[in-house]
Amino acid sequence: MFLEFPEYPLLRTILLTTLVTTSLGIAAVVIALGRRAMKHRVLLHIPGPASPSFWAGNALEMFDAVTGFKYRDQVRKTFGTLSRFHGPFGDQILLISDPAALTAVLGKDRDIFEEAYWFIELFRHAVGPGLLCSTGAHHRKQRKLLNPSFSVSRLKAMVPLLHKITNELIDSFNEKIPDGRGEVEVLDPFGRVALEMIAQTGLGYTFESFKPEANKNEFTNSIKEFMSVVGKLQVFLPLFPLVSHWNAKFLRFIAACIPSADLHYIIKLSDITKGGLQRLFQAKKEMLARGDAAELMNQISEGKDIINTLMRENAESADEYKIEDDEIKAQMHALVAAATDTTSVSLARLAQVLAQHPEWQEKLRQELNEAVASRGEELGYDELFELPYLEAVTRETWRLYAPVTFVTRCARSDTTLPLLRPIQGVNPPQTSIFVPEGTNIIIDILGGNCEQSMWGPDADEWKPERWLAPLPDSVTDAHIPGVYSNLFTFLSGSRSCIGFKQAELEIKVVLSQILRNFRFSEAKTEVVWRLGPVITPSVNTPAGIKFGLPLVMERLQ
């Protein structure tokens, strides 16, 4: 009889245990998928593309690095501002760019729509228990402690340091065009200046990014490359929660057995970054424990950097409001990884669009020259935020070319979302939608920022002049809850980008100097912007695809 091994009781026990465990596991998966399928039946009336595969759904097309932009745009044009697509294993996912629905998700219903489980688990393993992967009351506690680090008074104090770092960028560009004009790959220098700005103002530390030996620094390179490598794996990330609860050592063993160079590399990058930040954190902790004011003043940021501020706030808080050391280290990791990429690609995009629109480049250059001439020195915080052309160019670029084009959310309970536009193909017209618990949604930031019902028929065009006059009533009446300029670019509420004001300041400092020193024009090399956690420009080379943005730069007298 099956499994009868009276002479081998141990073997029989092992086989029975394996059979029962496997059967229970299969049954649990089948039941979970069945429950999900039953619950998601209420979404099946929402239009969307057909699924080419049960295993992958539309995920491969939706998140493809090269064609994902075009595919998502076609879905939006075909099915409207609310559509349904298929995720892995038959999951039903909503793609939303409807302004009313996004306003609810990011505004009044933000406690219902938390980060997707896969996102939380991924960053908990890769970065640590920081702001990116905390939820609910604990997320609010972490954010409350971080808020003073991004105050306007602290940002104003950082402006001279930002100008100093930008001068290093100017020197770097001058070295690249010894004859005064030439083609320059600008993404790498912008990445270096972004890294130095967040390192010095955020960590009170310098990577010495503009020195040749920086290329040999594992710590520096791991931070610069982390998000781009995550992007290569994003199609498979929704599967991560299925295994994230496993023992960390066992999970690393399984990862080592998977034949994926990118997966192995991201684990290596995470280990290097965590090790470097651990050493930096320990040094800061010991220095603060000594309480040496002179030692603090001798630091790059004079002790006013983000992490020093956070550690002081944490030390002075009541016990119930304190956070653990691992959480502070996770904030350090998230800070340098996220802030470096978003700022560098924003600078690269600004340089590209100004090269494509030389008339706006000249207007902005003239405005900056006149402002500096009247002040007699480099521009401070208030002056940088009062220049209309600089403000218009920055806002329009972040509207049309948000560095992060989508984020994910998951409904933690049943709810209903309002719609500005009725669901296409449904009769009678439906101006709200029931969203069952467990539904994953994609917040289409790009689609929301370019919604024609708000911005008009030219919504897909780069037109900074739209910010030099009062915005249309269709924009202001939408009451977008975003923290930045009636846009979804930096989200809103407790999960908005906490550092967006610092990023804006850094970008304006860099623009205020490079445009007075150089003129940008387009190079002949074709540039393709690749979809990922942060969009990134790339070029084709004989050795394959390489991240970069070549532009022609001319030194100005």
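Checked by atom type and distance alone, the side chain of E313 never pairs as donor or acceptor with a backbone atom of L145 at under 3.5 Å. Of the possible donor and acceptor atoms, one in the side chain of E383 sits under 3.5 Å from a partner among the backbone N and O of G380. Within the 3.5 Å criterion, the main-chain N or O of I266 finds no donor-acceptor partner in the side chain of S270. In this structure, the side chain of K284 engages the main chain of L203 through a donor-acceptor pair within 3.5 Å. Distance alone, capped at 3.5 Å, places no donor-acceptor pair between the S413 side chain and the E437 backbone.
Salt-bridge check for R192 with E168: failed, with every basic side-chain N at 4.0 Å or more from each acidic carboxylate O. For the pair D382 and K156, the salt-bridge criterion is met [side-chain N within less than 4.0 Å of a carboxylate O]. A salt bridge does not link K329 to D325: none of the charged nitrogens lies less than 4.0 Å from a carboxylate oxygen. The pair E316-R312 does not count as a salt bridge, with every side-chain nitrogen at least 4.0 angstrom from each carboxylate oxygen. The existence of a salt bridge linking K508 and E504 is confirmed by a sub-4.0 Å separation between a basic side-chain nitrogen and an acidic carboxylate oxygen.
With values rounded to the nearest 0.5 angstrom, N167 atom CG is found 4.5 Å from Q513 atom CD. Atoms NE2 and CG, from H333 and L132 in turn, are 10.0 Å apart once rounded to the nearest 0.5 Å.
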Given F113 and T415, is the side chain to side chain contact (heavy atoms under 4.5 Å, CB included) satisfied, shown in steps?
CA-CA 10 Å; F113 290 95; T415 189; 3.6 Å; yes

With side chain to side chain contact (heavy atoms under 4.5 Å, CB included) as the test, would you mind laying out the steps for I93 and H86 before giving the verdict?
CA-CA 6 Å; I93 302 174; H86 301 266; over 6 Å; no

Report the C-alpha distance between F69 and Y71 in whole Å, list the side-chain angles of each, state the deciding distance to 0.1 Å, and finish with yes or no for ring pair (Phe, Tyr, Trp, His ring centres under 6.0 Å).
CA-CA 6 Å; F69 284 114; Y71 183 82; over 10 Å; no

Might you work through the side chain to side chain contact (heavy atoms under 4.5 Å, CB included) test for I198 and L335, ending with a clear yes or no?
CA-CA 8 Å; I198 196 59; L335 190 69; 3.9 Å; yes

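The cationic atom of K141 (NZ for Lys, CZ for Arg) does not lie both less than 6.0 Å from the six-membered ring centre of Y321 and within 45° of the ring axis. For the pair R412 and Y117, the cation-pi test (distance below 6.0 Å, angle within 45°) is passed.
Relative orientation of the W398 and Y484 rings is perpendicular, given thresholds of 30° and 60° on the angle between their planes. The aromatic rings of F123 and F119 lie tilted to each other, with the angle between the two planes from 30° to 60°.
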Extract all donor-acceptor atom pairs below 3.5 Å that involve side chains of residues 403-411 and protein atoms in other chains or at least two apart in sequence.
{"from": "R409", "atom 1": "NH1", "to": "E115", "atom 2": "OE1", "distance (Å)": "3.0"}
{"from": "R409", "atom 1": "NH1", "to": "E115", "atom 2": "OE2", "distance (Å)": "3.3"}

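Contact of the Q142 side chain with the Q331 side chain is registered, since non-hydrogen atoms from C-beta on lie closer than 4.5 Å.
Heavy-atom neighbours of K546 NZ from other residues, nucleotides or ligands within 6.0 Å: at or below the threshold of 12.
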